[in-house]
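Structure record follows, encoded as structure tokens.
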Number of protein chains: 2
Amino acid sequence: MDSKKIEKISRAISDPSRIQILQQFRKRRECLYCAEIHDMLDLAQPSISHHLKQLVDADLLLPEKEGRNLKYVLNKPVLNEYIAFLSSLEG
Amino acid sequence: MDSKKIEKISRAISDPSRIQILQQFRKRRECLYCAEIHDMLDLAQPSISHHLKQLVDADLLLPEKEGRNLKYVLNKPVLNEYIAFLSSLEG
DNA sequence: TTTAAACATTCAAATGTTTCGATATATTAG
DNA sequence: CTAATATATCGAAACATTTGAATGTTTAAA
């Protein structure tokens, strides 16, 4: 994983709302629906759309269309690559 | 590790110069001198000072004064806590 | 086919970040 | 003590991010 991607992933995680979204994957290991995120974050819809875009663009979340709804799953391989990069710093 | 700290660490890592600084700890497992960072980053001295402050404030680097020089060591326990948080997302 | 629901995009305001010149502080050398 | 070196702080310019109102798009229901 190159520096540019490390930067993008880190930036994606560096926001309270986006951390809150990611934390949902601890409790529920299934997918997360856009509407559920709207319920749990006290933000306007365009803001939530923006935050989800950051996470998807960083490749941390994979979007799946389901009719007119959208659900997200955690991209574990990418998360693991990011973790591997961090571990590699320790020598 | 609480969300606020996750946010701060992520933000500290979300910059090309700061990633470059952190990557130095892969090659050399010893400490890193401020002057060495100045040599490797094509930035003015106040900018480097700023970036190092971000990393120290996020608790990723521990500063040690040595005369009029300053050296930094990687804060492995904090890095490991951050990694543990990320791992916990995978359920 | 009209209507409504779910999500995305655009735009602008507010706020935060990065960068560097100038300057300040601390430490060491002479 | 004075001069030089290493690092920090301040202030301002440039740039990026966050937020929501308004609006657009897509899909499903009636």
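Note on naming: letters A, B, ... go to the chains in the order of the sequence lines (proteins, then strands), and numbering restarts at 1 for each one.
Connectivity analysis of hydrophobic side chains (ILVMFWY, heavy atoms under 4.5 Å, direct or indirect) links V73(A) to L62(A).
The two residues L74(B) and F25(B) make their nearest non-hydrogen contact at N-CE2, 3.7 Å.
Contacts of S17(A) classified as side chain to side chain donor-acceptor pair (under 3.5 Å), with partners at least two apart in sequence or in another chain: none. Looking at residues two or more places apart in sequence or on another chain, you find no side chain to side chain donor-acceptor pair (under 3.5 Å) involving D15(B). Scored by the side chain to side chain donor-acceptor pair (under 3.5 Å) test, H51(A) finds R18(A) as partners (sequence neighbours excluded). With sequence neighbours excluded, the residues satisfying salt bridge (Lys or Arg N to Asp or Glu O under 4.0 Å) with K4(B) are E7(B). In this view, E36(A) and R28(A) satisfy the salt bridge (Lys or Arg N to Asp or Glu O under 4.0 Å) rule, not counting sequence neighbours. By the side chain to side chain contact (heavy atoms under 4.5 Å, CB included) test, A35(B) is found to be paired with no residue, residues two or more places apart in sequence or in another chain being considered.
Near-neighbour residues of DNA chain C inside residues 59-68 of chain B, defined by a heavy atom below 4.0 Å, number-ordered: K65(B), G67(B), R68(B). Applying a 4.0 Å cut-off to non-hydrogen atoms, none of the residues of residues 1-25 of chain B approaches DNA chain D. A heavy atom lying under 4.0 Å from DNA chain C marks the following residues of residues 41-57 of chain B, by number: L43(B), A44(B), P46(B), S47(B), H50(B), H51(B).
Pairs engaging residues 60-74 of chain A under the side chain to side chain donor-acceptor pair (under 3.5 Å) rule: Y33(A)-E66(A), E66(A)-K71(A) [sequence neighbours left out]. Listed by first and then second residue, the side chain to side chain donor-acceptor pair (under 3.5 Å) pairs involving residues 52-62 of chain B are K5(B)-D59(B), K53(B)-D57(B) (not counting sequence neighbours).
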